[in-house]
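Here is how names work: the chains are called A, B, and so on, in the same order as the sequence lines, proteins then strands, and each is numbered from 1.
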Amino acid sequence: MTEIRLHNSRTRRKEPFAPIDAENVRMYVCGPTVYDRAHLGNARPVVVFDVLYRLLRHVYGEAHVTYVRNFTDVDDKINARARAMQEAGDARSLNDIIRALTDETIDWYHADMDALGALRPDHEPRATEFIVQMVAMIEGLIAKGHAYAAEGHVLFDVRSYPDYGKLSGRSVDDMIAGARVEVAPYKRDPMDFVLWKPSSAEEPGWDSPWGRGRPGWHIECSAMSHELLGPAFDIHGGGIDLQFPHHENEIAQSCCAHPEADFANFWLHNEMVQVEGKKMSKSLGNFFTVRDLLDQGWPGEVIRFVMLSTHYRKPMDWTEEKAREASEKLRSYARVLLTSHLSFTESNFALYRKHEAYKPDSSVVAALSDDLNSHLAITHVDALVKRAKAGDTLATNSLLGSLMLLGFFEDLASIARFGGPEATLMDEYPFEELASRLSLLRKGAMQNKDFTAVDDLKRALLEAGVEVRMSKTDVSLSPGPNFDPAKLEELK
RNA sequence: GGCGAGUUGGCGGAGUGGUUACGCAGCGGAUUGCAAAUCCGUGUACAGGAGUUCGAUUCUCCUACUCGCCUCCA
């Protein structure tokens with residue numbers, strides 16, 4: 001079996017990955033707080049851990065991997081957004097607005113992440129559906145002396161957990177020394193964090209032993225991962241910015257609630273997406289959403305490809321240059337596949353997905369197995385492309401399998417988008433007629449050596465954004481990325 | 001202030017204690033009526049300094065710079 005090696009943030013080194021139970025490899029990834037469109041930074045972990053999910057499924061079998069990614073649908077940012085909507089004239093109750101807002105945002109998230117070719121996780125729990133488990137976990141923490149109630153709040157006592165700070169490499173004392181926040185008077189220690197807090201009458205709230213309130217942010221991941229994956233599981237992922245305090249707090253809660261287990265074995269953190277050298281984030285306001293890019297005409301595959309061109313533990317800049325390059329790469333891949341011995345129909349796709357003959361190349365699997373070296377994997381894909389162009393059918397087969405492992409070209413629409421004309425466009429516009437016209441003009445020109453008419457038509461086609469390919473015998477026309485139907489009309 | 005990550009050719013971006021990816025762009029050539037596509041050829045870079053070593057871009061230390069976390073954040 002392929003050995004997977006992953007960089008474990010816990011130990012700060014690459015380690016061989018061995019699942020607790022190879023029959024059920026379990027991974028938890030922190031998902032979004034749902035009050036707004038996902039920006040490109042939110043998309044990075046989705047793509048990164050989607051590749052890991054696919055790799056694990058490839059190595060351990062599709063039925064032997066469980067992937068959980070949560071939706072945080074109770075949070076002060078959501079409340080604030082809902083209040084703003086109310087002030088802007090929305091007549092509904094705060095809770096109704098919140099429900100509608102979170103539902104809608106989840107739908108958007110699904111649509112946008114689907115466009116990036118990310119598989120849906122096996123479970124996508126919403127925090128509000130696990131309040132009972134959170135309350136139970138908090139009660140357990142109080143009973144064990146790791147948490148205390150004060151003024152309607154429940155706080156985690158960081159001094160009760162000696163390993164607090166280990167994941168992010170900091171000590172409680174250092175943090176207090178450098179603390180920038182005002183300390184709430186009811187905290188025993190400045191670093192103690194909230195497990196439960198009181199809600200006002202109109203805010204979302206649930207009855208609890210400490211009064212009507214709502215959970216703190218961190219407890220949901222501890223409660224949901226325990227409920228869905230058990231007290232100990234294999235991989236916990238998320239953005240590096242979550243390492244502290246979120247993941248540190250999760251560890252404290254989970255390990256204190258279930259001291260017999262070790263919580264997550266491997267901690268994986270992706271680096272940030274940057275814009276002009278600065279982290280893309282809501283608070284800096286320098287973000288753009290996945291939807292923005294899709295609306296600008298960048299296919300999801302291009303965004304995915306750009307993401308995979310940089311190793312997940314390095315900062316990544318989004319640039320148009322990279323997007324263009326990714327687009328060209330995908331076009332060349334698709335062209336190679338479409339002109340190969342493979343034929344692309346719905347039923348064949350089903351075969352290609354399952355059949356041994358179309359499995360990914362071992363070099364690609366090996367690259368991904370080495371701490372998800374997706375860029376090296378793409379390099380190996382390029383090598384396969386070279387062999388495929390030379391007519392190597394085995395290389396062509398594993399090129400397809402390799403691209404599918406990376407999450408590309410899993411359906412006809414996707415491969416058609418890059419490799420050839422959109423069927424609908426081809427039917428709608430007179431490409432065939434224009435092609436034969438150009439072909440006839442050329443035939444005549446070859447004899448009388450006057451190419452002006454040919455060149456004029458070709459230039460007009462190019463100006464309309466049509467791709468013109470002339471081989472010795474054929475003329476082939478297809479709409480390019482800048483296809484402008486209006487200009488084509490003028491040629492009639 | 002504390003903690004952590006990084007600095008590779010024109011650009012992007014892997015990797016390695018010695019033979020130096022890969023892609024894009026560029027240049028030269030083949031092919032083509034001209035193009036496109038395709039093919040062939042072409043580029044000796046690893047922030048600076050010191051050390052370890054027969055030998056360092058790769059290991060150690062220092063310096064500079066960049067970035068992240070320490071506050072909601074993917």
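Taking the salt bridge (Lys or Arg N to Asp or Glu O under 4.0 Å) definition, one finds that A:Arg335 meets it with nothing, sequence neighbours left out. Checked against ring-ring contact (aromatic ring centres under 6.0 Å, His included), A:Trp108 has no partners two or more places apart in sequence or in another chain. With sequence neighbours excluded, no residue forms a salt bridge (Lys or Arg N to Asp or Glu O under 4.0 Å) with A:Glu3. Scanning for salt bridge (Lys or Arg N to Asp or Glu O under 4.0 Å) contacts around A:Asp76 gives A:Lys197, A:Arg214, with sequence neighbours left out.
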Dot-bracket notation for RNA chain B is requested: 5' to 3', Watson-Crick or G-U wobble pairs only, both distances under 3.5 Å, with ( ), [ ], | and . as defined.
-> (((((((..(((.....[...))).(((((.......)))))....(((((..]....))))))))))))....
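For the pair A:Met470 CE and B:U38 P, the computed distance is 17 Å after rounding to whole Å. Look at CZ on A:Arg469: it is 18 Å from P on B:A35, rounded to the nearest Å.
Aromatic ring pairs are classed by plane angle as parallel below 30°, tilted from 30° to 60° and perpendicular above 60°; the pair A:Trp298 and A:Trp318 is perpendicular. Between A:Tyr164 and A:Phe193, the two ring planes are parallel [angle under 30°; tilted spans 30° to 60°].
Mapping A:Arg335 and A:Phe451 onto RNA chain B by nearest heavy atom places A:Phe451 closer to the 5' end of the strand.
Straight-line distance between the C1' atoms of B:G9 and B:G1: roughly 38 Å, to the nearest whole Å.
Contact between the side-chain N/O atoms of A:Ser309 and the OP1/OP2 oxygens of B:G12 is not found at any separation under 4.0 Å. For B:G12, neither phosphate oxygen OP1 nor OP2 lies less than 4.0 angstrom from any side-chain nitrogen or oxygen of A:Lys322. Residue A:Lys314 places none of its side-chain N or O atoms closer than 4.0 Å to OP1 or OP2 of B:C67.
Residue contacts shown for A:Gly277 are limited to sugar-phosphate atoms, with no base heavy atom under 4.0 Å away.
Applying ring pair (Phe, Tyr, Trp, His ring centres under 6.0 Å) to A:Phe233 and the options A:Phe263, A:Tyr67, A:Trp267 leaves one that passes, A:Phe263.
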Dump the pairs, protein N or O against N or O of nucleotides 21-31 of chain B, anything under 3.5 Å, distances to one decimal.
{"residue": "B:G23", "atom": "O2'", "partner": "A:Lys329", "partner atom": "NZ", "Å": "3.3"}

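Side-chain contact between A:Ile378 and A:Val364: absent, with no pair of heavy atoms (C-beta onward) separated by less than 4.5 Å.
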